[in-house]
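Letters A, B, ... are given to chains in the order of the sequence lines, protein chains preceding strands, and every chain is numbered from 1.
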There are 4 protein chains.
Amino acid sequence: MTASTANLPPPTFAEGLPGGRPSRQRLSPPLRMAQILDAALAVFHEKGFAASRIDDIALRAGLSKGGVYAHFDSKEEIFEALIDRSLTMPAGLDEAALAPGQMVTVDLLVERVIDPVYRLLARPETAMTLRLVVADGRQVQALVERWQRAVLDPFASAVERLVRRAVRQGSLGKGALTASPWLLMAPIAQVVLWQLMHGQGEGAPVTLEQQRRSHIALLREALAP
Amino acid sequence: MTASTANLPPPTFAEGLPGGRPSRQRLSPPLRMAQILDAALAVFHEKGFAASRIDDIALRAGLSKGGVYAHFDSKEEIFEALIDRSLTMPAGLDEAALAPGQMVTVDLLVERVIDPVYRLLARPETAMTLRLVVADGRQVQALVERWQRAVLDPFASAVERLVRRAVRQGSLGKGALTASPWLLMAPIAQVVLWQLMHGQGEGAPVTLEQQRRSHIALLREALAP
Amino acid sequence: MTASTANLPPPTFAEGLPGGRPSRQRLSPPLRMAQILDAALAVFHEKGFAASRIDDIALRAGLSKGGVYAHFDSKEEIFEALIDRSLTMPAGLDEAALAPGQMVTVDLLVERVIDPVYRLLARPETAMTLRLVVADGRQVQALVERWQRAVLDPFASAVERLVRRAVRQGSLGKGALTASPWLLMAPIAQVVLWQLMHGQGEGAPVTLEQQRRSHIALLREALAP
Amino acid sequence: MTASTANLPPPTFAEGLPGGRPSRQRLSPPLRMAQILDAALAVFHEKGFAASRIDDIALRAGLSKGGVYAHFDSKEEIFEALIDRSLTMPAGLDEAALAPGQMVTVDLLVERVIDPVYRLLARPETAMTLRLVVADGRQVQALVERWQRAVLDPFASAVERLVRRAVRQGSLGKGALTASPWLLMAPIAQVVLWQLMHGQGEGAPVTLEQQRRSHIALLREALAP
DNA sequence: CATGAATGAGCTTTCATTCAT
DNA sequence: CATGAATGAAAGCTCATTCAT
């Protein structure tokens with residue numbers, strides 16, 4: 001797991017006030033970079049890349065503008081580092097998908113593919129990163145494509161391979177879903193889209209959990225042998 | 001339909017040439033505004049709201065910066081007008097959803113709901129607007145919500161009503177899809193997501209048409225009585 | 001001659017004061033550019049390229065920082081335009097040096113070569129530009145070389161040709177100066193060097209006029225047939 | 001002579017390799033300061049005072065930014081120390097000028113005045129310092145004047161005294177050069193100017209040695225009794 | 001002494017907006 | 001209405017300087 005900000009000591013009272021002695025905390029670069037990236041994710045997510053000011057990121061990360069530039073050469077580099085960090089993040093997926101020689105049932109599919117993705121979507125970090133990629137990816141298209149190739153594509157083909165094997169094994173019935181395995185994930189696209197437009201869980205007409213249950217119900221129905 | 005640029009007089013010879021000075025004609029305000037909105041949509045879509053310059057929009061609309069300000073008071077006002085315009089745009093949908101008293105079959109659903117949406121998605125304008133709303137909606141949240149209430153929600157409940165009626169009529173079987181009618185549209189979310197990340201049809205692994213067929217196949221299977 | 005600032009109306013009293021209505025004078029681009037270049041020359045000369053702020057140039061040119069950027073894309077572009085402008089300036093020299101078929105005497109040399117150069121050196125603009133080229137030329141080496149090739153080199157060889165012809169004609173005696181014609185201009189290098197270090201005429205131990213007379217005296221002596 | 005870098009212990013093996021971390025040795029202050037000044041001279045010469053970064057100087061001197069500040073309080077102080085160091089530097093000159101009671105001939109003039117200066121000009125350090133003084137002297141005018149008073153003026157009057165004595169002795173003829181003794185050095189100004197604009201010896205049309213010979217030839221001719 | 005993270009003032013550049021023409 | 005020079009408020013970035021380690 002990446003270095004994170006979670007268990008840092010909270011800033012003292014004085015530091016929080018304007019004019020309070022800035023304390024000039026010297027952190028190790030990896031720690032600082034993690035802090036900055038955390039801050040950047042939040043700010044980018046809130047305002048979008050172009051409208052985000054380095055000052056905002058710096059403030060949120062607890063240092064000064066110049067301090068940010070001691071660790072990243074430009075705003076764009078921060079963006080790239082952010083995407084890069086999320087590149088390795090959903091590590092659980094592809095290894096999990098590379099299932100052993102056992103029987104591939106709907107249950108297995110749910111446990112190894114569907115559930116992990118919903119768990120991922122429940123994390124604020126994931127939603128934020130997705131929003132970043134979609135909203136501002138155009139400006140840094142190369143990165144988005146790298147992300148796609150490194151994360152999305154492998155995941156998609158892993159799912160496809162799983163399904164084909166299951167059909168061969170007879171544990172899943174032939175039908176529209178097994179003919180076009182990518183449709184299996186469609187309800188997840190709905191969730192993502194919703195999150196993109198509204199942020200996480202704010203007054204969604206359908207809970208993430210409800211959506212997950214409906215999704216699984218659909219799968220059981222449509223994939224029954 | 002709103003005033004559009006479609007049936008404008010063709011550009012004069014000079015304008016057609018690269019480097020040819022654009023119009024400087026005094027057009028009727030509605031026409032000019034339509035031109036400007038068209039240009040703004042394209043530019044916003046390409047660079048995002050914050051990174052778009054009024055100059056770009058003006059250039060693309062064939063007039064100068066000052067000219068734009070003769071019609072809109074601010075950049076944000078252009079954005080709002082853009083969303084407003086798209087509020088009435090997807091004309092095909094609501095009429096379709098207001099189905100008659102007749103029997104609701106899968107075929108009807110496809111013809112009145114699914115197909116119109118795919119037709120909409122095939123239009124560049126739709127993709128652009130969607131991208132705008134998702135990428136830059138946060139800044140003008142109120143507008144996005146208005147759009148949601150005016151377009152998405154009515155459409156969603158229309159579909160829901162259709163499905164419930166069909167189930168009552170026995171023309172659709174009970175199942176996961178009829179229990180959670182919004183799942184009906186899930187594959188469309190997939191298409192939209194893809195378009196958001198890559199623009200229209202550039203090297204998509206699956207054609208819009210393929211996706212539509214798979215989608216319909218799934219519906220026939222899962223909705224069969 | 002280039003557009004210059006010389007006969008512009010002086011700024012009104014109010015404009016000179018802070019807070020005075022900025023008047024938003026709209027000048028034609030060539031006029032403004034000349035103003036800006038004049039200002040830039042003064043400022044660069046005073047502080048050097050790197051230490052000069054666009055604000056200074058703008059203030060001196062009578063507009064705002066942003067206004068400068070409406071005419072030049074960057075500070076460096078101003079520098080280049082400045083050198084370019086002085087590139088054509090000493091036009092009188094090389095044509096003059098291309099003397100007719102007549103006898104080349106010391107008097108002619110003085111009248112056609114030495115005097116024009118001293119007249120040039122008496123102009124503040126020349127001194128400033130020279131200082132710029134020497135002090136900050138390293139950063140924009142290509143420009144300096146262009147200047148050298150376009151101005152200095154042609155002048156030097158013109159002088160050389162003149163002297164050789166004179167020696168052939170017998171109107172100048174053979175000696176160290178005619179063997180190495182570039183030495184003819186050496187005292188001028190002294191003047192330039194002095195100006196580089198002190199600016200024009202501020203407490204120079206020797207007047208420009210004195211230096212000129214001594215220079216000519218030396219030439220008469222050393223070039224006598 | 002001031003402490004210099006010349007006879008430092010050779011760098012350790014690792015330092016000699018590209019990427020090898022530099023010293024981090026604790027050197028004696030005078031040595032360190034000499035290193036830093038050497039580095040500063042090179043950097044200032046290359047980029048000018050304003051465009052030079054302390055980081056560059058530190059890197060070149062083999063320590064870190066903070067290390068530089070352990071020895072100098074500010075960038076300007078480095079500059080001043082640099083000029084100060086060059087104040088005593090041209091040792092050859094003043095002693096030479098303090099000629100004995102003997103006969104002052106052209107040969108003596110050459111040997112005691114002209115040649116030492118050309119030897120000085122052949123040293124990279126001299127060229128660099130001159131460039132510094134000319135290019136950035138304006139910012140630290142006081143220093144330049146000090147340099148002038150301490151080095152140039154004494155040298156100039158020494159030369160003048162020499163010449164006057166020689167004329168009185170009859171060993172030099174009366175003429176333009178003895179009337180205006182400063183003209184004696186004019187060709188040297190040419191060399192300096194050239195070095196200022198191009199750096200040392202890069203593709204100069206005339207060698208330093210050639211220039212020296214021509215210079216001396218001219219002197220013999222013009223100073224002959 | 002040396003290091004290098006951090007500060008903060010200052011600079012270049014951009015751009016929405018205004019307005020004289 | 002249209003133009004485009006001009007304004008002015010940011011915003012990105014740099015770098016001399018400080019100081020905890």
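Taking every heavy atom of both residues into account, A:Ala58 and A:Val68 meet most closely at CB-CG2, 3.6 Å.
Note on B:Ser74: only backbone sugar-phosphate atoms sit closer than 4.0 angstrom, heavy atoms only; bases stay farther off. Within the nucleic acid shown, A:Ser52 comes within 4.0 Å of sugar-phosphate atoms alone, with no base atom in reach, counting heavy atoms only.
Each of A:Val68 and C:Phe49 was assigned the nucleotide of DNA chain E with the nearest heavy atom; the assignment lying further toward the 5' end belongs to A:Val68. Annotation: of the two residues near DNA chain F, A:Ala50 and B:Ser64, the 5′-most nearest-nucleotide partner is B:Ser64. Each of B:Ala70 and C:His71 was assigned the nucleotide of DNA chain F with the nearest heavy atom; the assignment lying further toward the 5' end belongs to B:Ala70. Nearer to the 5' terminus of DNA chain E, by closest-nucleotide assignment, is the contact made by C:Lys65 (compared with the other of C:Lys65 and B:Lys75).
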Inset, instruction - Could you please spell out the steps behind the side chain to side chain contact (heavy atoms under 4.5 Å, CB included) verdict for D:Arg32 and D:Leu63? - result: CA-CA 9 Å; D:Arg32 263 292 191 236; D:Leu63 37 50; 3.4 Å; yes
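Atom-to-atom, CG of B:Asp56 to C1' of E:dT14 comes out at 12 Å; the value is rounded to the nearest Å. Going from atom CD of A:Gln35 over to atom C1' of E:dA6 covers 13 Å, rounded to whole Å. Summarising the geometry, the separation between CG on D:Asp55 and C1' on F:dT18 is reported as 14 Å, rounded to the nearest angstrom. When the C1' atom of E:dA5 is taken as reference, atom OH of D:Tyr69 falls 15 Å away, rounded to whole Å. As rounded to whole Å, 9 Å separates atom C1' of F:dA5 from atom CG of C:Leu27. Distance CG (A:Asp73) to P (E:dA5): 13 Å, rounded to an integer number of Å. Across the protein-nucleic acid pair, C:Phe44 atom CZ and E:dT12 atom C1' stand 12 Å apart, rounded to whole Å. Rounded to whole Å, atom P of F:dA6 lies 15 Å from atom CG of C:Leu59.
Between A:Arg85 and A:Asp38 there is a side-chain heavy-atom pair separated by less than 4.5 Å.
Across F:dT14, F:dA5, E:dT12, the shortest atom-to-atom separation from the side chain of C:Pro29 is found for F:dA5.
A:Arg32 has a side-chain polar atom (N or O) that falls below the 4.0 Å cut-off from OP1 or OP2 of E:dA6. Distances shown here put every side-chain N or O of C:Arg26 at or beyond 4.0 Å from the OP1 or OP2 atom of E:dA20.
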Would you be so kind as to tabulate the donor-acceptor pairs closer than 3.5 Å made by side chains of residues 46-55 of chain B, with sequence neighbours excluded?
residue, atom, partner, partner atom, Å
B:Lys47, NZ, B:Asp56, OD2, 3.4
B:Ser52, OG, B:Val43, O, 3.3
B:Ser52, OG, B:Gly48, O, 2.6
B:Arg53, NH2, B:Asp56, OD1, 3.2
B:Arg53, NH2, B:Asp56, OD2, 3.3
B:Asp55, OD2, B:Lys65, NZ, 3.3

Pair up each side-chain donor or acceptor in residues 76-83 of chain A with any protein partner under 3.5 Å, not counting sequence neighbours, and list the distances.
residue, atom, partner, partner atom, Å
A:Glu77, OE2, A:Asp73, N, 3.3

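In terms of the side-chain contact (heavy atoms from CB on, under 4.5 Å) criterion, residue partners of A:Ala42 (sequence neighbours excluded) are, by chain and number, A:Arg60. Every residue meeting the side-chain contact (heavy atoms from CB on, under 4.5 Å) condition with C:His45, not counting sequence neighbours, appears here in chain and number order: C:Met128, C:Arg131, D:Arg138.
Counting only Watson-Crick and G-U wobble pairs whose two distances sit under 3.5 Å, DNA chain E takes part in these stems of three or more pairs: E:2-21 with F:2-21.
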